[in-house]
Amino acid sequence: PPCSPPPPAGSPSITFSLLATCSKESNNVKLAVTVESASDLPNRCYGAHCDPWVGVEVLKDRKSIRRKPPTILSFFRTKTIRHAHNPFYSQTFIADVLKTDMKDIVVKFTATDQDRYIGPTEIGFTSVSMKEAKQLLDDSEKFSSTRNLVRNTKEIGDLHIGLSYLPTAQRLSFTVSKASNIKANKNSGDNSEAETINPYLRILMFNQSGRLLKKKKTT
């Protein structure tokens, strides 16, 4: 069956497959999306193991001059596997798509760490179009691929902090001066123009194994 070459060893990646089936009597296509596994997922920023799951978005991405964002037609997510850097899922999801929309369909895979302290944290994402996966024909074959995850490098603000350690007293001091250029994440479907936010900062201290030692929160 059609497939793409695997990424270099050691790179965070997702293995998945796609298969579109339809009948001549129906205007809908059954798009089967299987998340097979993920590989080489990184530790958390403070050293602990990750608890990953994979989100699957079926998007209608019609190119236009106005550059409208893609429309989410379906969303699925796998189970969460604890303390796994090479999780195996083998979960299949079925999305109903109109035949006339297939040329505009893109499937996006996002690996997320279910961090109990920080909250769901995106590890990386990848996507594939139906044209690329050769799923536009009536006799489409199963498409399988292993792809590198791309990290979202969007900046959402700056923190001005200070850190000092007094060895004689074994005291660690952490100072938060200010936050600037904060950009709030817009919820999909929210058409409000206002972007009023009420920010605060959480400070978490971990040991080398990732165990939480202390936590503080600003006003």
With distance as the sole test, does [X] use its side chain to make a donor-acceptor pair with the main-chain N or O of [Y] at under 3.5 Å?
X      : Y      : result
Arg147 : Ser127 : yes
Asn86  : Asp40  : yes
Ser74  : Ile72  : no
Asp113 : Asp51  : yes

- Item | Between Thr92 and Thr34, a side-chain donor and acceptor under 3.5 Å | yes
- Donor-acceptor side-chain pairing of Asp158 and Asn181 below 3.5 angstrom: yes
- Query: Which one of Ser11, Ser13, Ser37 satisfies the side chain to side chain contact (heavy atoms under 4.5 Å, CB included) criterion with Thr146?
  - Reply: Ser13
- Message: What verdict does the side-chain contact (heavy atoms from CB on, under 4.5 Å) test give for Phe16 and Val54, after you've listed the backbone C-alpha separation in whole Å, the side-chain angles of each residue and the deciding distance to 0.1 Å?
- Response: CA-CA 11 Å; Phe16 62 89; Val54 178; over 6 Å; no
Tell me, do [X] and [Y] make a side-chain contact under 4.5 Å, heavy atoms counted?
X      : Y      : value
Ile118 : Leu204 : yes
Leu172 : Leu163 : yes
Ile203 : Lys214 : no
Phe125 : Arg151 : no
Phe206 : Cys45  : no
Tyr117 : Leu212 : yes
Thr112 : Ile123 : no
Asn28  : Leu98  : yes

Closest contact, heavy atoms only, [X] versus [Y]:
X      : Y      : result
Val58  : Ala95  : CG2-CB, 4.0 Å
Pro42  : Pro12  : CD-CG, 4.2 Å
Tyr165 : Gln170 : OH-CA, 3.5 Å
Val56  : Val35  : CG2-CG2, 3.6 Å
Gly210 : Ala48  : CA-CB, 3.9 Å

- Message: For Lys99, is the NZ atom crowded, meaning more than 12 foreign heavy atoms sit under 6.0 Å from it?
- Response: yes
- For atom NZ of Lys131, decide whether the heavy atoms of other residues, nucleotides or ligands shown that lie under 6.0 angstrom number more than 12. no
- Under the side-chain contact (heavy atoms from CB on, under 4.5 Å) criterion, do Cys50 and His85 qualify, and how do the steps go? CA-CA 7 Å; Cys50 60; His85 298 279; 3.8 Å; yes
- Message: For Trp53 and Phe75, take the angle between the two ring planes, folded into 0 to 90°, and tell me which bin it lands in: parallel under 30, tilted 30 to 60, perpendicular over 60.
- Response: perpendicular
- Query: Angle class for the His49/His83 ring planes (parallel below 30°, perpendicular above 60°, tilted otherwise)?
  - Reply: tilted
- Show your working on side-chain contact (heavy atoms from CB on, under 4.5 Å) between Ser90 and Glu36 and close with a plain yes or no. CA-CA 4 Å; Ser90 190; Glu36 299 290 357; 4.0 Å; yes
To the nearest 0.5 Å, how far apart are [atom1] in [X] and [atom2] in [Y]?
X      : Y      : atom1 : atom2 : result
Ser180 : Leu159 : OG    : CG    : 8.0 Å
Glu57  : Phe109 : CD    : CZ    : 11.0 Å
Asp104 : Thr71  : CG    : OG1   : 10.0 Å
Leu19  : Glu141 : CG    : CD    : 9.5 Å
Arg171 : Leu166 : CZ    : CG    : 5.5 Å
Lys60  : Ile105 : NZ    : CD1   : 7.5 Å

Report yes or no: do [X] and [Y] belong to one cluster of Ile/Leu/Val/Met/Phe/Trp/Tyr joined by side chain heavy-atom distances under 4.5 Å?
X      : Y      : answer
Met205 : Phe174 : yes
Ile81  : Phe88  : no
Phe93  : Met102 : yes
Leu41  : Tyr46  : no
Val106 : Ile14  : no

- Query: With the threshold set at 4.0 Å, does a side-chain nitrogen-carboxylate oxygen contact exist between Lys108 and Glu122?
  - Reply: no
- Message: Under the criterion side-chain contact (heavy atoms from CB on, under 4.5 Å), I'd like the reasoning laid out for Leu73 against Leu59: C-alpha separation, chi angles, the key distance, then a yes or no.
- Response: CA-CA 6 Å; Leu73 302 180; Leu59 307 171; over 6 Å; no
